[in-house]
Structures are given as C-alpha cells and as structure tokens.
Number of protein chains: 2
Amino acid sequence: MQYPYKNKVQKAVSNASTQIACSSCNLREFCLPADFTADEVRQLDQLTSIKRAYRRGDYLYRSGSKFESLYAIRTGFFKTQVLHEDGREQVTGFQMPGEIIGLDAISTDIHSCDAVALEDSEICELPFDKLEELSRQLPTLQRHLHKIMSREIVRDQGIMLLLGSMRAEERLAAFLLNLSQRFAARGYSSTAFRLRMTRQEIGSYLGLKLETISRTLSYFQENKLIEVNNKSIELLDLPHLRRLVGQERGVPL
Amino acid sequence: MQYPYKNKVQKAVSNASTQIACSSCNLREFCLPADFTADEVRQLDQLTSIKRAYRRGDYLYRSGSKFESLYAIRTGFFKTQVLHEDGREQVTGFQMPGEIIGLDAISTDIHSCDAVALEDSEICELPFDKLEELSRQLPTLQRHLHKIMSREIVRDQGIMLLLGSMRAEERLAAFLLNLSQRFAARGYSSTAFRLRMTRQEIGSYLGLKLETISRTLSYFQENKLIEVNNKSIELLDLPHLRRLVGQERGVPL
DNA sequence: CATGGATTTTGACCTATATCAAACGCATTT
DNA sequence: AAATGCGTTTGATATAGGTCAAAATCCATG
C-alpha cells in the first residue's frame, strides 16, 4: 500500500459529475438547516448539482489555488493541512461526510491550505458566488452559512486549547472521543471504528510526534481503555477516556 | 496595580452610548470594505450607532452569555480566552482597534469565549440580526462579513501551526512580528510599542509558561534582537526575527 | 511617598516528549 | 515465496521547556 499524497496532481477521477439532489441526499441534515422547507431545498438543488469522486491521495484543492467553491463531503474522509515555507506541515483537521470544507479561502479568494482525500471519496461542489446569491434570498440559508463558519471558528478555538495546554494523553483521548462522537452522529458505532489517518498525521494534528502517538495508544491499550489493531480501534472505557480529558494533572489509570 | 479580571461583572462603564457614525470613523478602512459607497456607509450608520466604553479588566462578553452583537473595537485592546472546566484557560487572541470580535457566538447563539479589555477601550456594537438583514440588501457587505469570518479561520490555522510545530523562540518571534505588523497597519510604529498583556497571557496564547516567555525575551535582548523594558518593547532586528520564524532547527544567533 | 500585591526575572532541578535507531508487520509486487 | 516498502512499535537517550522557589521590580492606592 503506497500512500501517493505528494505526487498526485489530477483533480479528480475522470468519472463525470453525477446528479444527486440535496432533496434526496441522506446527509441533508448535516449540510442543511433543519428547518429548510421543501421549496428551499429545491432552490438549493439548482446550484449544488456538481458531484465528484476523488481517490485516496487526491487533492481536493491546494494551498495557493483559486477559490471557486465550498465542498460538502458526501462519502469518504479528508484531511486539511497548512504548510510552512520550510516544509513543516500541520494537519488542521480531519473531515467526514456532511462536513463542509474550503471556508478558509473566502478571505482572500485563494486557498490557504490543502485538502487531501484519505480514502476514496465523493464530494459535492457548491459554487460560492451562487451560494452567496441564494443566501441573499433565503435568510435561513444565510444564517446557516454563518453558523457553519462560526462553528469552524469554535472548533479551532478548541484545538488551540488542546495544543496550548493539554498533555499527550489528554490530547489523544480528546481526539478519539471527538471521532467517536462524530461517527455516532452519523449513525456509525461510537466505540469501534477505523482510523483513516496514519500515526504521523494524528501526531501532526495533535502537535506530537508519531512515536508519542504510538506509545500513548499502547499505553491506553495496556490499561484497557482501548483496543488497537493498527488502524482499527475500539474504545473500551469511554467514561475513563472522558475523565482523562480535562484533568489538569491527569487521572490515575 | 491589581488586575481585576476575575471579579468584575458590570457590563460597561456607565457613560451613555455616544454617537459616532461609521462615515466619520477613522477606522473605517479596517471594519468596512474598501469599495463601500457613501450611500452604503450611510445605511450602515443606522445600525452601528451604539458605542460603549469599557475599563481595563471589564468583560465585553463572557463564555455562556447570549449572543446579540458583534463588536468592533474603536480604541483599546482586548484578549479573548476559552476556559476548560478544570480552570485551565487558553488565550485565543489579542484584538486591537478595527478588529471585530464575537464571531464564535454565531454558531450556537451563545458566546464560547470571554472577551476582556486589557486597557480602557471603546467598542462599537453591531447587532447581528440587523447586520444580517442589511447584508441581504448589500452584497458588498455580505461578502465583507464572509471575508471577516474566513480571515478568522485562517488566523486560527496559523496559530495551530505555531502551537503544533514551532519552538518557543519561533513562537515568540512570530508573536512579536505579528503585533508589529498590525501596529504598522494602524499607523503606529512597527518597531516600538507597549505590550498590553502580561507574560502569563502571552504564554497562554503561545502555549508556553510565563517563565519561558520571560527567559526568551531576555535571550532575545542579550542577542540584540529586541530591547525590552517590562511592557515596552523595541524590535531592533526585524530581519533576524523574521529568519527565526520558520527555521526548522532555528537560526544561529 | 510608603505599602503591598502583582508581575517579572533568574536560578536549580525535573520531566514529558523528542530524537535516534532497530526490529517488526502487513500489503503489494515480482 | 521472496522481496520491497511503508507504517508501526519499542527501546535508549537527549533536551526543551516545565516546575518550584526566591529575589527584584513595578505601580496603584491610601
């Protein structure tokens, strides 16, 4: 299994854009406001017609590329990362179905990070100028768009707290619990799932080295908090993991 | 000098709200889009009429309080911070005139962080529902609002990079250069300014302890990069400071 | 202008995590 | 079936930054 991140340039698998309307999308509740009327959804269907498939390792967009659209993930898994001139990279997030990425680019009309597929994925492209136009007509949509952006700001604050003041164990526990909760919200198991990213990528996201991730996972396993087997993970003691997060000095195992 | 952060509850100094129109505000270029027409500015004047004064240590809003408005800083200096149950706090930003805060609260209608005045300040309150309404009529304003939110997301990404992968020296250099650049943009000296925050607050923001901030400042001073005297600071070697940021292994002094 | 709490500096020591290195496992290719 | 190549695990050691403590300085206020 080679992980062809660095090289892939093609924008997407050639398969032509399919038509799956928002109105018939099972992720609707994630992308769209709950109180959207059928009529409003229909209007949105007009502009969100472009669906695309991406292969593992493909870039959805790159830092520096021109901003055109936001992207809603329909299936699959992505990571976003910012790069520093000197080659250092920082993973800024892992995104799953129903989540919307590309918000960073609105500010300058240039993407400020990369988005890379961690597995074969399908996305739904939302041309931003049309989105803005439509949101002038639909206050519900306008408010929703604002909420999505604000939610991202709040998420980022949480990561700052994590990076700025948590120890390795806490960071990893918080990370696992966050995945757990997001899988649960999508109807998947909250206790058993497959990590789509490498230890290296988890480490980058959490401001730790891959060895520390590996060791901490082993340590959790020794203490029966989790069961890891390479990329598959099972959370055995959610309450304990929760207690681990937000203990100034850690909680005895 | 006691820093009465924790205790102060009153919302603002009693002085009644003054009327200073956007049209006559010298910070207009920061808050508003450059290409706003005189007529558009006049429309905005309607809703941004509420100005308030805050004293050092006053809270502009608190985590958990209801969201009503965004706030544009007219004069003064603020910090925003998130708190963890266990009492840990993380400073998420320092804001200066022309910057807009409160964006985090749009997501849930509840503020997710505190905003505290670091010196006596004046703010300009922007009721959000009116802002949304007006931005449906003025595409320029709509776009501007989106850009402001997106800019915040990009800023946060930068802090994640800093917290996740920079060493103490780099973090502090990046911090000083960032302040420098923002002061310069406002017509103040880019090389000599007064820090409005304590070492503790800088440390919290940068994910370091106050002792580390103090030591690193002393170290910079020994090496003639800066001249510090308590809260006043002079940047003596901007190019060197810049080189310091973004060196994987640091740059020899 | 003296007082006292807050902030800053500096030193000595400690620890969490990084670094370096080796071995291992699993999937893919030959 | 052997070879190749990532990714992962684990061990030994190093170090950046944390912790604890004391002294120095600042500055708001009575």
Side-chain angles (χ1 to χ4, degrees), chain A residues 1-7 56-57 79 88 91 118-119 162-173 194-222 226-233 244 247-250 253, chain B residues 1-8 55-57 79 88 118-120 162-173 194-222 226-233 244 247-250 253:
Chain A
M1 177 265 279
Q2 73 281 42
Y3 227 12
Y5 287 170
K6 309 279 157 43
N7 328 335
R56 191 229 294 250
K79 68 166 176 181
R88 252 178 301 189
V91 171
L118 292 180
E119 58 182 24
L162 180 144
L163 292 173
S165 65
M166 290 187 182
R167 293 166 319 102
E169 279 174 41
E170 298 177 88
R171 295 186 198 190
L172 192 54
R194 217 170 51 74
L195 298 171
R196 270 73 173 182
M197 65 297 282
T198 65
R199 305 287 189 262
Q200 156 99 266
E201 288 163 334
I202 299 174
S204 167
Y205 182 60
L206 299 179
L208 300 167
K209 294 292 162 182
L210 69 98
E211 293 94 331
T212 304
I213 301 300
S214 178
R215 276 186 239 275
T216 309
L217 285 174
S218 302
Y219 177 67
F220 282 175
Q221 178 159 256
E222 279 162 34
I226 66 172
E227 176 83 29
V228 232
N229 200 295
N230 210 348
K231 294 255 200 297
S232 28
I233 192 159
L244 213 50
Q247 289 316 110
E248 180 80 58
R249 277 273 95 198
L253 280 174
Chain B
M1 179 265 279
Q2 71 281 42
Y3 230 11
Y5 288 169
K6 310 278 155 47
N7 328 333
K8 286 290 182 68
R55 295 266 298 281
R56 191 230 292 254
K79 69 166 177 179
R88 251 178 301 189
L118 293 179
E119 59 182 25
D120 294 356
L162 180 143
L163 291 173
S165 64
M166 290 189 183
R167 293 166 320 104
E169 280 174 39
E170 298 178 87
R171 295 186 198 190
L172 191 55
R194 215 170 53 73
L195 299 171
R196 269 73 173 182
M197 65 296 284
T198 65
R199 305 287 190 261
Q200 155 99 269
E201 287 163 333
I202 299 174
S204 168
Y205 182 58
L206 299 179
L208 300 167
K209 292 293 162 182
L210 67 97
E211 293 94 330
T212 305
I213 300 300
S214 178
R215 276 186 240 276
T216 309
L217 285 174
S218 302
Y219 177 67
F220 282 176
Q221 177 157 256
E222 280 162 33
I226 66 172
E227 175 83 32
V228 232
N229 200 294
N230 210 350
K231 294 253 201 292
S232 24
I233 192 160
L244 213 49
Q247 290 315 112
E248 180 80 56
R249 278 270 96 199
L253 281 173

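Protein atom CG of B:L195 is 14 Å distant from nucleotide atom P of C:dT7, rounded to whole Å. Between the CD atom of B:E119 and the P atom of D:dA28 there is a distance of 13 Å, given to the nearest Å. At whole-Å resolution of the value, NZ in B:K231 and C1' in C:dT7 are 7 Å apart. Between B:L210 atom CG and D:dG17 atom P there is a gap of 15 Å when expressed in whole angstrom units. Computed from coordinates, the A:L208 CG to C:dT19 P distance equals 11 Å when rounded to whole Å. For the pair B:M166 CE and D:dA16 P, the interatomic distance rounds to 17 Å; values are reported in whole Å. D:dT10 atom C1' lies 14 Å from atom CD of A:Q221, rounded to whole Å. Going from atom OH of A:Y219 over to atom P of D:dG11 covers 15 Å, rounded to whole Å.
A:R215 contributes a side-chain N or O that forms a donor-acceptor pair with the base of D:dG11 under 3.5 Å. With hydrogens and angles ignored, no donor-acceptor pair closer than 3.5 Å exists between the side chain of A:R167 and the base of D:dG18. Put simply, the side chain of B:R199 and the base of D:dT25 share no donor and acceptor less than 3.5 Å apart. Residue-to-nucleotide contacts include no donor-acceptor pair under 3.5 Å from the side chain of A:Q200 to the base of D:dC6.
A salt bridge links A:E170 with B:R88; the closest basic N to acidic carboxylate O contact falls under 4.0 Å. Ionic pairing of A:R56 and A:E119 is not present here: no N-O contact between side-chain nitrogen and carboxylate oxygen is shorter than 4.0 angstrom.
A:I213 comes within 4.0 angstrom of nothing in the nucleic acid, heavy atoms only.
Close to D:dG7, at under 4.0 Å from its OP1 or OP2, lies no side-chain N or O of A:S214. At D:dA16, none of the side-chain N or O atoms of B:K209 fall inside 4.0 Å of OP1 or OP2 (strictly under the cut-off). Proximity of B:T198 to the phosphate of C:dT7: no side-chain N or O atom is located under 4.0 Å from OP1 or OP2.
Closest to the side chain of A:T212, out of C:dT9, C:dC20, C:dT17, is C:dT17. Each of C:dT17, D:dT10, C:dT10 was ranked by its minimum atom distance to the side chain of A:A168; first place goes to C:dT17.
Within a 6.0 Å sphere centred on CD of A:Q221, other residues, nucleotides and ligands contribute more than 12 heavy atoms.
Judged by closest nucleotide on DNA chain C, A:G207 is the one of A:G207 and A:N229 placed further toward the 5' end.
Under a 3.5 Å cut-off, the side chain of A:S204 and the backbone N or O of A:Q200 do not form any donor-acceptor pair. Of the possible polar contacts, none joining the B:R171 side chain to the B:S165 backbone as a donor-acceptor pair under 3.5 Å is found.
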